[in-house]
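Notes for the one structure printed next.
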Amino acid sequence: MTFPIEAIVFLFLLATALAVTHLRDLFAAAMVFGVFSLLSAGLFTLMDAVDVAFTEAAVGAGISTVLILSTLALTDPREHQQPVRFAPVAVVLLVGAALVYGTLDMPYYGDPTAPIHKHVAPEYIEGAMTDFGIPNIVTNVLASYRGYDTLGETTVVLTATVGVMLLLGGLGGARHRGDAEVVEAAGDEEPTPMDRVQVARVSTTVLAPLIMLFGLYVQFHGDFGPGGGFQAGVIFASALILHGIVFGLSSLKRVVSPRFLEIGLAAGVLIYAGTGVASLFRDGTFLDYAVLDHHSAQHGRHLGILLVEAGVGITVTCAMVLIFFFFAGRRAAKSEEPGDRDRRVA
Amino acid sequence: MTLHLPAIAILLPLLSAPICVAVRHALVTRLLTVAVGWGSLAVSGELLRQALSGAPIHYELGGFAPPLGIEYVIDTTTGYVLVIVSTIAAVVFSFGATTRGAALPAGREHLYYGAMLLCLAGLLGMTITGDAFNVFVFLEISSLSSYALIGLGQDRRAPVAAFSYLIMGTIGGTFFLLGIGFLYQATGTLNMADMAERLASLHRSRTVHVAFGFLTVGLSLKLAVFPLHQWLPNAYARAPAVISAFLSATATKVMYYVLVRMIFTIFGATFVFGKMGMDMALVPLSLGAMFVGSLAAIFQTDLKRLLAYSSVAQIGYMTLGLSFNSVNGLTGGLAHLFNHALMKGGLFLAVACLVYRVGSSRLDDLAGLGKCMPITSAAFVTGGLALIGVPATVGFISKWYLVLAALETGQYLFAGLILLSSLLAVAYVLRVVEVLYFKAPKSPDVREAPVSLLLPTWILIGATVVFGLRTELTAGLARSAAMQLLGAGS
Amino acid sequence: MSTFGLWHYWVVIVLMMIGLYTVIARDNLVKKVMGLNLFQVSVIMFYVSMGKVEGGTAPIIPEQASGPVVYSNPLPHVLMLTAIVVGIATTAMALSLVVRIRETYGTTEEDEIRKLDRAEHE
Amino acid sequence: MVLFIEIASWLLLVGGAGFCIVGAIGLLRMPDLYSRTHAATITDTLGAGMVLVGLALQAGPNLTALKLLMVLAFLLYTSPVSGHALVKAAYSHGIKAELDVPIDPQQVQIPERPARDAPTDSARGKEGADDVSD
């Protein structure tokens, strides 16, 4: 029985999860949460889920840690002391016991005769070469067999970004200002120490283009290896966010204005749904790419998957940069109003 | 083109939402939203007609057969719920001042309409899909957009209410995802029909029992069934009145539909009521909801919170109808779906008219408005009577079927409890009537709400009376839907 | 090895419960969001561990396939790409609500917010 | 020849792991931020570097080895920059280094910044005041 490496990774995961729960310094907790996400990405690689690992590392460890940190920059860094409550412990134990009871009739971990490996998965694996000729089966299933799911997923990204723009639009609840003003106000506030740091500037100017190039590589490499629209979008956005952090929001605004990003956000979803509607006009059902090319169904599916992944990439890039704009733009509103201190004591 | 009608039903709101986000013009996006509302009503009506005339419609997406690809399944119940959601959407979207109650930053109206369209797309997508995991995806779309819309309320506590709704909703959604994971592990497929076939032989598997448990708890959280309803009163009370009108009349209804779909299509009534004893759990919770909801509503000082607690009670009626597992019971439950949507939608729109003029929905600010705003107050009273279940209103129809179902199975106690809880409803409706009509008006110069606000309100309130008299559309449809479900289920 | 083959699922369930506990028990709103993330990532781990096949490789077909190659199940991976994106979307929305709450209440502790509400309510 | 590469890669791997442990211990033991970054950079440069080179040897002369060396190049490029940014930010926020000899502020001449950065000094002055309350 070879020693399961996952055991070690699980050990670290348990340690980091407990650390996140008990650390009262929220910045440290955010960092440990980033470690947790990275470890889970490692675990997914061990479980042969390379696409999920790539996305979890890029989205889970990358973007959610950046978001949590930028929120902590606007809020209090320390959590209040709090006794252990017993009602939640009871609820958690009950739910945990129910789940463990549920696993008793499950096939063992890695058991090849499990029902899920018998029913639908074999057709996906055979179909990859016959219908598509695309080696990465996950991309086939993601974009065409269950392409409607991924359309829903892209719409989830659109919904979240619209929600963030609505909630963080104006600076401070009372003063209503359009998003242009939000970013304007943030751009010309006191220059953060970062922008006078020559080293960071030079390294960013060298690095950002390489990151963008890698993002494009991931976008088109999605058919042959782990990659695809989501990961590419996040990587591309991280290059822009890096530029925004080092050179300040106003220069990022000159590179990609919020208006342009809003249109890009909508354009991605429209490209995706548009590809589906295009197959409607050629009397295939919605999102059926085979009809897109009269000569060969396989070529049609290639084209469909390419367009769909491009749509996803555009939406995710614009979404991540917009969310960064509104969180970072909020820093201008963070100047501690005098009323804040005493209101907390009330 | 009619061959692709199911796809168009979802594409209409799904495509118009990004268009709203891209086009920054408030008026253009407003007109687009209203047009999409009425358009989806027309498409849903046509789909219901097709589903009624023949066998359920199957529409395969992506060109692959069901177990591999995803498919839409539209039977009578699906068409019925699609019509309910798009009717409310059409009327609420054409309400005169949709952005009035929201603390919208300047130049943001186009995103507000985009979020409303995304919520509609999520609800329709959840109703029409025949794939278990796809329900989760569209559940997240409708939930995320409703968190944002609720967080926009002018009340300073709106973000807090939206945050607690987000936490409870996401836990519910993740329980739902866990339930699907257990089902997928046991059956190997995600298509609902395929899953139902394979579950027939798995009634003793503990994985399936736990899967059923987590799916039900997850949906009860989203449906605000009695013990898990804490998020609903704050969410609907703090949100802009128009959003409360839209969500109270559609969101919980679609969650109820998913619960019904899961019980009768995936697991089958024999497994759910026989083996799992679902009715033993659901009946006390429903009765609890009816009494706690109504009692809490009586002591509220804010009109929107009062209506929100009454929603908790009305959801108790629906789940009670479900737990009888009889044609009459299910007919009562499904009919109440449509009736409650009309009543609560109309009442919240009436409150929106009051808030449009007075600026606050606290009861003592609304004193004496009966004289200054006669039409709106009349609308509120009519809606209140329907809530009580006065004959010749829709409320009476669904309570009639519930009592019939209770008497049919010999539970006279339940019939008595249903009537008793209606008396509680009388209490809180009369309390509002007393505030509106028998108190000196605070500010006498309040004018009546403009017609663009009153017309949609009276469309819904009028419907509560019209459908109270001619019941073949609501109760008749609910009955044929119940027969189809139970016929398929047993 | 009767139930020895199930320990992967049990460890993942323990991680889920740590996340759920953090969401329910902690008052700090940002800590709640972290707990929610822990809970969702653990559910993703549960799905992925379902898909693993003994001796299987990543579901990518190599060019020179030497003999029959055993692949892990690709379907859970597709579902989990969706779940990760739903997780990040919920986190972004929750954190923007936390920022709004912080600006109106001056605090991100739930018990203080309730105190301020009650104080303002009387 | 193969045996030699085998030994070399294992030596590198074990050495890299050793340096990571050294870095971790240093991170825990060092008194203040500045000395801790010294310890942390050991893990980045030597620790990860040796492990990557060891793996590249293991993988043999093919594309994977090249990719591993590119990762090493990326690491050697970015970790000093992030270390520098971290320390620069800490210094401008006025975090003081813990020195054995207590310096009295008059003696030490903190190098005057060019006039352009006047606001930072005032900022640091204010920050300094906050230091005590932190």
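To find a chain, count down the sequence lines: A is the first, B the second, and so on, and within it residues start at 1.
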* Do A:Y109 and C:W7 come within less than 4.5 Å of each other through their side chains, counting heavy atoms only? -> no
* Check whether C:Y21 gets within reach of chain A through its side chain, its backbone, both or neither, counting any heavy atom under 4.5 Å. => both
* Asked: Going through the checks in order, is the side-chain contact (heavy atoms from CB on, under 4.5 Å) test met by C:T107 and C:R102?
  -> CA-CA 5 Å; C:T107 169; C:R102 170 70 174 78; 5.8 Å; no
* Structure fact -> Turns out that what part of C:L29 lies under 4.5 Å from chain A's heavy atoms comes down to neither
* Structure fact -> In short, A:A53 meets A:T45 closest at the heavy-atom pair CB-OG1, 3.6 Å
* Counting heavy-atom pairs under 4.5 Å to chain C, which of A:G110, A:S37, A:A160 comes out on top? -> A:G110
* Would you kindly say whether A:D149 and C:T82 are connected by a side-chain donor-acceptor distance under 3.5 Å? => no
* **Reported CG-to-CD distance for the pair C:N28 and C:E109, which is rounded to 0.5 angstrom** => 4.5 Å
* To do: Give the member of C:L95, C:I18, C:V98 that has the highest number of heavy-atom pairs under 4.5 Å with chain A.
  => C:L95
* Asked: So do C:L6 and A:M106 actually touch side chain to side chain, heavy atoms under 4.5 Å?
  -> yes
* To do: Under 4.5 Å, counting heavy-atom pairs only, tell me which of C:T108, C:T91, C:L81, C:L75 racks up the most with chain A.
  => C:L81
* Quick one: what part of A:L14 sits under 4.5 Å from any heavy atom of chain C, side chain, backbone, both or neither? -> both
* Picking from C:V53, C:I24, C:L20, C:V23, which has the most non-hydrogen pairs under 4.5 angstrom with chain A? -> C:V53
* chain C contact via A:P122 - which portion, at a heavy-atom distance below 4.5 Å -> neither
* Can you tell if the side chain of C:I60 reaches within under 4.5 Å of the side chain of A:N136, non-hydrogen atoms only? -> yes
* Do C:Y9 and C:S49 come close enough that some side-chain heavy atom pair is under 4.5 Å? -> yes
* Structure fact -> Note: vs chain C, highest number of non-hydrogen pairs under 4.5 angstrom among A:V20, A:I323, A:V50, A:D51 is A:V20
* To do: Sort out for me which of A:L93, A:V164, A:L18 touches chain C most, counting heavy-atom pairs under 4.5 Å.
  => A:V164
* Structure fact -> Per-residue tally against chain A (heavy atom, under 4.5 Å) across C:E54, C:M93, C:K31, C:M80 peaks at C:K31
* To do: Check each atom of A:Y145 against the heavy atoms of chain C and say whether the ones under 4.5 Å are side chain, backbone, both or neither.
  => neither
* **Options C:P59, C:G35, C:A58, ranked by heavy-atom pairs under 4.5 Å with chain A, top entry** => C:P59
* To do: Please state whether the side chain, the backbone, both or neither of C:V48 comes within less than 4.5 Å of a heavy atom of chain A.
  => both
* Asked: Taking atom types as modelled and ignoring hydrogens, do the side chains of A:Y124 and C:N73 form a donor-acceptor contact shorter than 3.5 angstrom?
  -> no
* A:R85: salt bridge (Lys or Arg N to Asp or Glu O under 4.0 Å) partners, not counting sequence neighbours -> C:D27
* Salt bridge C:R26-C:E110, side-chain N to carboxylate O under 4.0 Å -> no
* Interface residue of largest heavy-atom contact number with chain A, from C:T22, C:V14, C:L15, under 4.5 Å -> C:L15
* To do: Measure A:A30 against the heavy atoms of chain C and call it side chain, backbone, both or neither at under 4.5 Å.
  => both
* May I ask you to test the A:L67-C:I88 pair for a side-chain heavy-atom distance under 4.5 Å? => yes
* **Interface moiety of C:M34 toward chain A, non-hydrogen atoms closer than 4.5 Å** => both
* **Any side-chain heavy-atom pair of A:E153 and C:V86 under 4.5 Å** => no
* Among A:I68, A:V316, A:T159, A:T161, which residue forms the greatest number of heavy-atom pairs with chain C at distances under 4.5 Å? -> A:I68
* Structure fact -> Looking only at A:I125, A:V156, A:T21, the option with the highest number of non-hydrogen pairs under 4.5 Å against chain C is A:T21
* C:Y105 side chain near C:E112 side chain, heavy-atom distance below 4.5 Å -> no
* **Portion of C:T57 that has a non-hydrogen atom of chain A nearer than 4.5 angstrom** => backbone
* Structure fact -> Given A:V138, A:V120, A:V141, the one with more heavy-atom pairs under 4.5 angstrom with chain C than any other is A:V138
* To do: Counting only heavy atoms closer than 4.5 Å, note whether A:T139 contacts chain C via side chain, backbone, both or neither.
  => neither
* With a 4.5 angstrom heavy-atom cut-off, which part of A:A7 approaches chain C: side chain, backbone, both or neither? -> both
* By a 4.5 Å heavy-atom criterion (distance strictly below it), what part of A:V89 contacts chain C: side chain, backbone, both, or neither? -> both
* Portion of A:L23 that has a non-hydrogen atom of chain C nearer than 4.5 angstrom -> backbone
* Structure fact -> For A:T16 and A:V32, the nearest pair of non-hydrogen atoms, with its separation, is O-CG1, 3.5 Å
